[in-house]
Student: 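After the structure tokens below, expect a handful of questions from me.
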There are 2 protein chains.
Amino acid sequence: MPEAFPGRLAPECCPALLGAPLGEEQAVELARVFKALGDPVRLRLLSMIASRSGGEVCVCDLTPAFDLSQPTISHHLKLLREAGLIASERRGTWVYYRLLPAMTDRLAALLARPAAQRADVSTEEAS
Amino acid sequence: MPEAFPGRLAPECCPALLGAPLGEEQAVELARVFKALGDPVRLRLLSMIASRSGGEVCVCDLTPAFDLSQPTISHHLKLLREAGLIASERRGTWVYYRLLPAMTDRLAALLARPAAQRADVSTEEAS
DNA sequence: ACTTTAGATAGACAAACATCGATGCAATCG
DNA sequence: CGATTGCATCGATGTTTGTCTATCTAAAGT
């Protein structure tokens with residue numbers, strides 16, 4: 001059961017989605033991470049974990065925040081974990097999750113415009 | 001056919017996924033955008049569009065870059081368009097796509113760590 | 001007006017996904 | 001030890017998604 005891809009996402013530093021055409025290989029790996037973010041429940045879970053002051057959240061605090069069964073929450077946490085976005089640790093009876101900021105940092109860098117292409121945002125329309 | 005959500009994604013400036021627990025409403029809207037990014041083909045399409053120097057790409061240049069049928073590519077472009085990530089314009093026989101940087105900017109800001117929580121990245125492990 | 005070419009839409013279908021209830025495993029508490 | 005509690009895994013099920021072929025529309029050429 002491959003748990004994320006330990007440190008292998010970006011062979012070079014910054015694939016820069018917006019700066020150069022993405023290779024097929026990298027696209028597959030990146031898509032897996034974005035897919036993990038493509039669900040409202042997982043987004044809220046990640047947000048709850050990331051915004052917790054101590055840096056950690058007990059699953060027992062996450063589960064009751066949703067109108068979903070415990071196995072469903074567990075499944076979503078597993079997907080976030082396999083995407084490399086969070087990590088878990090058991091301490092006694094409870095399991096604690098925490099953010100792995102390396103991955104979110106990477107995504108943020110990937111989506112950031114290279115300064116060259118940046119212009120006044122107000123010149124962008126909608127349709 | 002609601003074409004993206006024109007400017008309505010972030011009622012306040014920066015929902016800051018990593019800074020405060022995300023509301024259910026915002027999570028649903030955001031998840032739709034991330035889901036659009038959660039496919040290798042769409043990631044490569046977006047990358048090809050965004051990295052083109054002129055800022056525009058003809059569909060006729062995109063389609064032959066994949067081992068997929070023309071309708072499939074058209075379908076992926078539609079999803080990216082509905083997510084608010086790209087826009088299209090017809091000029092004569094051809095249709096040109098371009099990036100809407102407002103959306104990628106927003107995602108990048110959303111995934112960026114609030115400076116408060118930022119620490120040395122080298123202290124992050126994998127599992 | 002026909003023909004041709006670029007691209008979008010429609011409908012079908014298999015694979016992937018979100019969810020559930022039932023069960024399993026690990027740790028704590030009587 | 002047996003019971004209980006926290007969480008993960010399993011198997012089933014309805015929905016969504018990626019892909020295709022066939023067809024449609026729009027523009028341009030002859």
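By convention in this document, chain letters (A, B, ...) are assigned in the order of the sequence lines, proteins followed by strands, and residues within each chain are numbered from 1.
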Student: Could you give the NZ-to-P distance, from K78(B) to dG18(D), as a whole number of Å?
Tutor: 13 Å
Student: Rounded to whole angstrom units, what separation is found between the OH atom of Y96(B) and the P atom of dA8(C)?
Tutor: 13 Å
Student: Check the distance between dA26(C)'s P and E89(A)'s CD and give it to me in whole angstrom.
Tutor: 17 Å
Student: Mind checking who shares a hydrophobic cluster with W94(A), ILVMFWY linked at side-chain heavy-atom distances under 4.5 Å?
Tutor: Y96(A)
Student: Which atom pair, heavy atoms only, marks the closest approach of K35(A) to G38(B)?
Tutor: CE-O, 3.0 Å
Student: Give me the atom names and distance for the closest heavy-atom approach of R91(B) to E89(B).
Tutor: NH1-OE1, 3.4 Å
Student: Quick one: W94(A) CH2 to dC7(D) C1', roughly how many Å, whole number?
Tutor: 12 Å
Student: Measure the distance from CG on L77(B) to P on dT9(C) and round it to the nearest whole Å.
Tutor: 11 Å
Student: Could you report the tightest heavy-atom contact between L79(B) and R42(B), atom names first, then the distance?
Tutor: CD1-NH1, 3.2 Å
Student: Would one find a side-chain N or O of H76(A) under 4.0 angstrom from OP1 or OP2 of dC17(C)?
Tutor: no
Student: Check the distance between dT16(D)'s P and F34(B)'s CZ and give it to me in whole angstrom.
Tutor: 22 Å
Student: Tell me, which of residues 35-47 of chain A have any heavy atom that sits under 4.0 Å from an atom in DNA chain D?
Tutor: none
Student: Of G92(A) and L79(A), whose closest DNA chain C nucleotide lies nearer the 5' terminus?
Tutor: L79(A)
Student: Please report the closest heavy-atom contact between A36(A) and L85(A), naming both atoms and the distance.
Tutor: CB-CD1, 4.2 Å
Student: If you look at every heavy atom in A83(A) and V33(A), which pair is closest and at what distance?
Tutor: O-CG2, 3.8 Å
Student: Name every residue in residues 64-74 of chain A that has at least one heavy atom under 4.0 Å from any atom of DNA chain D, in order of residue number, or write none if there are no such residues.
Tutor: Q70(A), P71(A), S74(A)
Student: May I ask you to say what L62(B) touches in the nucleic acid, namely base, sugar-phosphate or nothing, with a heavy-atom cut-off under 4.0 Å?
Tutor: nothing
Student: Within a strict 4.5 Å, meaning less than it, do heavy atoms of the S88(B) and R81(B) side chains meet?
Tutor: yes
Student: Which part of the nucleic acid, if any, lies within contact of Y97(B), taking any heavy atom under 4.0 Å across all strands shown: a base, the sugar-phosphate backbone alone, or nothing?
Tutor: sugar-phosphate
Student: What is the distance from CG of L80(B) to P of dA8(C), rounded to the nearest Å?
Tutor: 12 Å
Student: Please report the shortest heavy-atom distance between A16(A) and L110(A), naming the atom on each side.
Tutor: N-CD1, 4.0 Å
Student: Please state how far atom NE2 in H75(A) lies from atom P in dA16(C), giving the value in whole angstrom units.
Tutor: 13 Å
Student: Using 4.0 Å as the upper bound for N to carboxylate O, is an ion pair formed by R113(B) and D105(A)?
Tutor: yes
